[in-house]
Asker: 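Would you mind keeping the following structure in view while I ask a few things?
No experiment lies behind these values; they were computed from the predicted model shown. Only this structure's heavy atoms are used, side chains among them; waters, hydrogens and symmetry mates stay out.
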Amino acid sequence: MGAETLARTPLYGRHVALGARMVPFGGWEMPVQYSGIVDEHHAVRKAAGLFDISHMGEVYVGGRDALAFLQHICTQDVATIGPGQANYSLLCYPSGGIVDDIFIYNLVDEYLVVVNASNIAKDVAWMRQNAEGFEVTIDDASARMAMLALQGPLAEAILTEAADVDVVALPFHAVTRGALFENIPALIARTGYTGEDGFELFVGNGYAESLWDQLLLIGAEHGLKPCGLGARDSLRFEACLALYGHEIADTINPYEAKLGWVVKLAKGDFVGAEALRQIKAQGVARKLVGFEMVGRGIARGEYEIRSVDGAPAGLVTTGMPAPTLGKNLGLGLVPAALSAEGSEFDVVVREKPIRARVVKTPFYRPQYKK
Amino acid sequence: MSFKIPADLQYTKSHEWIRIEGDEALVGITDYAQNTLGDVVFVDLKEVGTTLAAEDTFGAIESVKAASDLFLPVDGEIIAVNSEVVDEPELINSDPYSDGWLVKIRLSAGSVGALMSADAYQKYLDSLDH
């Protein structure tokens, strides 16, 4: 795909001015790194990082049947997401395969659904297709909203200087309306995708540059660094947070992906419920596991996994050196028989089988403020 | 962004450099290549004694994010590998043209390869920006 066909966020000019390396991602031209993936990764674990995630999609769901509609298309029990709260969910096909993973924000008078950048059109079409019989409004706000993630142990101290609401008192997975730097209306949520405490900020496109600049300015003394998608991936990988297209796909069901906790079969009927009930009752043949490379080599997504006697056994979903842990780690789908901690298999690295061993997940225990 | 391109080396489109001295040559990756890869964390080189043709893979170099194959600029046999970069892959980032060399080869008789001068490589890099 040529650069001219890629979409750009309102912060594109800022990324280029900061010397970021821009790469195509999900149809967008996004920064993969500024100072370097490892440097940015450590900044988020030790201090704070600022990510432009404006490529993500935002869909407002309103109307009298908004809750009933979301209950119909989501695996999560949306009724348990109280006013001012947010939670993770999945959209599933009737087969139980995953359409997308989403975040649902209860904004009291409506819901905000955040979807993956590459899936915006697919998800909105899926919602509309399943809206028959419900009195709902589905407003795709993706093109007019920017989203920034401020993540890390010092994110709270930085945001406290910027916000007119008490962000210290904002619990994990809570969302509030507020103003940033006095005149930037924002949705402020204590959510994120790095395994650290932090916030996701939603603003209109016109405010994105001002918010980005001012956060970097006041954050500098706290060690805040602009971070790209490279560090976002290594951070979420250490915390074993699933990524669409890797751990999540229409060919992977939630129980295989270790996302059974997001499927609330007791809440009543929803799209995919019947298939998921059956899958759960039968048990899954393959499971997502975390593994450590025992031999010398780095596992990468899509590398083949073989049993130690050479039989095809599965696929790596994500693999890389984990910067915080100093180990070459991976996530992969393997037969249930190979999923116990301590089980060994081989990852095929450039045609050579390299030994790997199943370890406990998450690799890095999230440091959320609860 | 400008990258170091020593005038006394030759270059490939896949961003390796080669320093030919008689029938032997040192091979590494360019400043542009190391910068594009980012933090190099792992190097995997084929063994001494391996004979390869120009553009064959002689190993791989890995950053946090990705693995990239290394292509031999000319036909030859690997006669030495730089064990220091295997132990300290970051040498490739800090010094790609000297301490960060990768393999030493003996050129095959009549060895061929599509090599560029420093000037031609600079023009090639400029063309990649557009």
Side-chain angles (χ1 to χ4, degrees), chain A residues 2-4 16-23 25 30-42 227-238 243 246 293 295-303 316 318-330 347-352 354, chain B residues 1-3 14-15 29-47 50 52 55-72 78 81-96 100 102-103 125-130:
Chain A
E4 67 277 8
V16 172
L18 284 165
R21 179 168 308 128
M22 306 301 288
V23 297
F25 178 83
M30 296 297 292
V32 66
Q33 65 170 67
Y34 302 81
S35 55
I37 294 173
V38 175
D39 185 59
E40 292 161 30
H41 182 106
H42 291 315
C227 296
L229 294 183
R232 187 168 165 82
D233 193 38
S234 59
L235 289 156
R236 73 92 197 165
F237 167 68
E238 286 186 336
L243 174 62
H246 295 257
M293 297 305 288
R296 199 173 165 278
I298 299 172
R300 302 282 179 186
E302 317 247 312
Y303 280 12
V316 177
T318 303
M320 68 179 84
T324 310
L325 305 157
K327 291 177 179 172
N328 295 328
L329 302 174
V347 175
V348 183
V349 180
R350 290 181 286 281
E351 296 170 14
K352 272 185 297 193
I354 309 281
Chain B
M1 198 159 190
S2 70
F3 300 101
S14 47
H15 308 289
I29 64 162
T30 66
D31 190 29
Y32 170 85
Q34 70 78 18
N35 183 275
T36 306
L37 282 166
D39 306 296
V40 175
V41 295
F42 188 80
V43 187
D44 190 6
L45 300 170
K46 293 213 163 152
E47 288 170 15
T50 311
L52 298 163
E55 297 181 19
D56 279 355
T57 304
F58 71 92
I61 200 161
E62 304 207 33
S63 65
V64 176
K65 195 76 185 140
S68 306
D69 284 335
L70 294 161
F71 300 99
L72 204 65
I78 297 175
V81 299
N82 185 354
S83 59
E84 282 182 26
V85 299
V86 173
D87 295 337
E88 280 180 74
E90 57 273 24
L91 285 174
I92 294 164
N93 289 122
S94 60
D95 195 358
L102 298 171
V103 293
L125 289 189
D126 292 344
S127 76
L128 297 182
D129 283 344
H130 302 291

Asker: Do the side chain of A:R300 and the main chain of B:A66 share a donor and acceptor less than 3.5 angstrom apart?
Answerer: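 Checking the backbone N and O of B:A66 against the side chain of A:R300, a donor-acceptor pair under 3.5 Å is found.
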Asker: So which heavy atom on B:G38 is nearest to which on A:Q33, and how close?
Answerer: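 Answer, listing the atom of B:G38 first, then A:Q33: CA-OE1, 4.4 Å.
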Asker: Does any heavy atom of chain A fall under 4.5 Å from the side chain of B:V43, the backbone, both, or neither of them?
Answerer: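 Backbone of B:V43 only, per the 4.5 Å heavy-atom cut-off to chain A.
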Asker: Hey, is A:K352 close enough to B:D44 for a salt bridge, meaning N to O under 4.0 Å?
Answerer: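 Salt bridge between A:K352 and B:D44, a charged N being under 4.0 Å from a carboxylate O: yes.
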Asker: Shortest non-hydrogen contact from B:A67 to A:Y303?
Answerer: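 Shortest heavy-atom separation between B:A67 and A:Y303 comes out as CB-OH, 4.0 Å.
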Asker: Under a 4.5 Å cutoff for heavy-atom pairs, which residue among A:N328, A:V38, A:V349 has the most contacts with chain B?
Answerer: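 If we count pairs closer than 4.5 Å to chain B, A:V38 comes out on top.
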Asker: Can you tell which part of B:T57 gets under 4.5 Å to a heavy atom of chain A, answering side chain, backbone, both or neither?
Answerer: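 Answer is neither: B:T57 stays 4.5 Å or more from chain A.
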Asker: With side chains defined as the heavy atoms from C-beta onward, is the minimum distance between B:K65 and A:V23 less than 4.5 Å?
Answerer: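 No. Closest side-chain heavy atoms not under 4.5 Å.
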Asker: How close do A:P321 and B:V64 get, counting heavy atoms only, and between which atoms?
Answerer: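 In this case the closest contact between A:P321 and B:V64 is CD-O, 3.5 Å.
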Asker: Decide if atom CD of B:E90 counts as having more than 12 heavy atoms of other residues, nucleotides or ligands within a radius under 6.0 Å.
Answerer: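 Atom CD in B:E90 is crowded, with more than 12 foreign heavy atoms closer than 6.0 Å.
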Asker: Measure A:F237 against the heavy atoms of chain B and call it side chain, backbone, both or neither at under 4.5 Å.
Answerer: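 Answer is neither: A:F237 stays 4.5 Å or more from chain B.
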Asker: Tell me if a side-chain donor or acceptor on A:R21 pairs with a main-chain N or O of B:N35 at a distance below 3.5 Å.
Answerer: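 Here the side-chain-to-backbone pair exists.
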Asker: Please lay out, stage by stage, how B:V41 and A:M320 fare under the test side chain to side chain contact (heavy atoms under 4.5 Å, CB included).
Answerer: CA-CA 10 Å; B:V41 295; A:M320 68 179 84; over 6 Å; no
